[in-house]
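Taking it in order: structure first as structure tokens, then the write-up.
Remember, it's 1-based here, ligands and their atoms both numbered in the order they're listed. Scope of the values below: all heavy atoms of this structure, side chains included, with no hydrogens, waters or symmetry mates.
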Amino acid sequence: MTSIRSNLQQVNARIAAACARAGRAADSVQLLAVSKTMPLSSVQEALACGQTAFGENYVQEGVQKIEALRAWEAESGAASAARWHLIGPLQSNKTRVVAAHFDWVHSVDRLKIAERLAEQRPAELAPLQVCIQVNIDGGASKSGVAPGEVLALARALAALPRLTLRGLMTIPEPASGFAAQRAVHAQARALFEQVRDAGVGPRFDTLSMGMTADLEAAIDAGSTLVRVGTAIFGAR
Ligand SMILES: *Cc1c(COP(=O)(O)O)cnc(C)c1O
């Protein structure tokens, strides 16, 4: 068995165990395989194991992989169910290429970016699925919207065409220990419910939080999508 195959099995088992412990259905958490810095062959290997959702941080690297996979599929007659999520920072001069290639963007943090994505999403593609990145703990990275600004941005995004507002994404500062990790994730969960209950659209159903080191705490706090790189593809 390849290591990617056995790693995927282990990560899926971690997700299932965390769901069971939290009293949640096993299919209530989606696994996003974060393939940044990994070669296309690793993505193809994970695809062959049934993993379909892939996350990339860097626009250019992601677009290259998306195009290379399509070219390989066209040549080999294979049609994969790969879905591509941008999880890294997005500058306004890159929105057009992102709107044309990705299925999801988790890292929307200002209206201008969302307006450009809406305008540039090709009409023949399904609406782009977007999450608002929240700086939930005021962390040093400073990426993401302050919690108090999320609802206003969500309302503005929900009104845009060609986008579907799906939820929130967080990248908290690393914390050690389940309780400390869970406490931050619980703040994100509370904010998620507050925005959802304010009525920002019927598909606001995604709370993207939890990575290799803290996916159990994230699931316990209500994550619906964990973004896992290292535990699947190895150290970068
Ligand atoms: C790299 C990255 C991940 C995956 O991190 P691991 O610790 O390797 O699981 C998840 N989310 C974001 C935004 C990342 O940049």
Side-chain angles (χ1 to χ4, degrees), residues 3-18 29-40 42-43 45-46 49 51-66 83-91 94 98 102-110 113 129-145 150 166-178 180-182 184-185 188-189 192 206-236:
S3 62
I4 288 177
R5 180 174 294 272
S6 63
N7 288 347
L8 271 169
Q9 284 178 359
Q10 281 169 33
V11 170
N12 280 311
R14 280 176 66 185
I15 292 170
V29 178
Q30 204 199 332
L31 173 59
L32 182 67
V34 177
S35 49
K36 67 181 178 203
T37 79
M38 297 296 157
L40 183 67
S42 296
V43 170
E45 214 176 318
C49 302
Q51 175 64 34
T52 55
F54 295 91
E56 289 285 335
N57 272 64
Y58 311 104
V59 172
Q60 199 179 337
E61 182 194 343
V63 166
Q64 275 170 8
K65 259 176 242 181
I66 292 167
R83 291 285 173 270
W84 293 91
H85 297 229
L86 181 70
I87 59 175
L90 176 52
Q91 257 89 55
K94 299 274 175 58
V98 168
F102 283 85
D103 301 289
W104 284 68
V105 176
H106 291 224
S107 44
V108 171
D109 62 357
R110 51 197 196 276
I113 293 285
Q129 310 295 299
V130 301
C131 294
I132 295 172
Q133 183 174 346
V134 187
N135 188 357
I136 195 66
D137 54 2
S141 77
K142 295 286 182 261
S143 273
V145 184
V150 170
R166 296 300 299 270
L168 305 181
M169 185 269 252
T170 62
I171 315 174
E173 292 294 297
S176 60
F178 185 90
Q181 293 167 354
R182 194 189 185 288
V184 181
H185 290 315
R189 161 74 178 271
F192 171 77
T206 301
L207 184 51
S208 166
M209 63 184 189
M211 317 199 291
T212 292
D214 63 351
L215 70 87
E216 282 85 0
I219 289 171
D220 198 61
S223 169
T224 70
L225 184 155
V226 291
R227 308 178 308 264
V228 180
T230 309
I232 297 172
F233 296 112
R236 289 179 292 272

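Protein residues lining ligand 1, listed by chain and number: Val34, Lys36, Asn57, Ile87, Ile171, Met211, Thr212, Arg227, Val228, Gly229, Thr230, Arg236 [non-hydrogen atoms, distance under 4.0 Å].
Remark: side-chain polar atoms of Ser107 are paired, donor with acceptor, to backbone N or O of Gly88 under 3.5 angstrom.
Only one option out of Asn12, Val34, Leu8 pairs with Ile232 in a side chain to side chain contact (heavy atoms under 4.5 Å, CB included); it is Leu8.
Checked against a 6.0 Å centroid threshold, the rings of Trp84 and Phe54 count as neighbours.
Two residues are said to be in side-chain contact when any heavy atoms from C-beta on lie closer than 4.5 Å; Lys36 and Ile87 fail this criterion.
Within the structure, the side chain to side chain donor-acceptor pair (under 3.5 Å) test picks out the following pairs touching residues 211-223 (sequence neighbours left out): Arg14-Glu216, Arg182-Asp220, His185-Asp214.
Using a 30° and 60° split on the angle between ring planes, His85 and His106 fall in the tilted class, from 30° to 60°.
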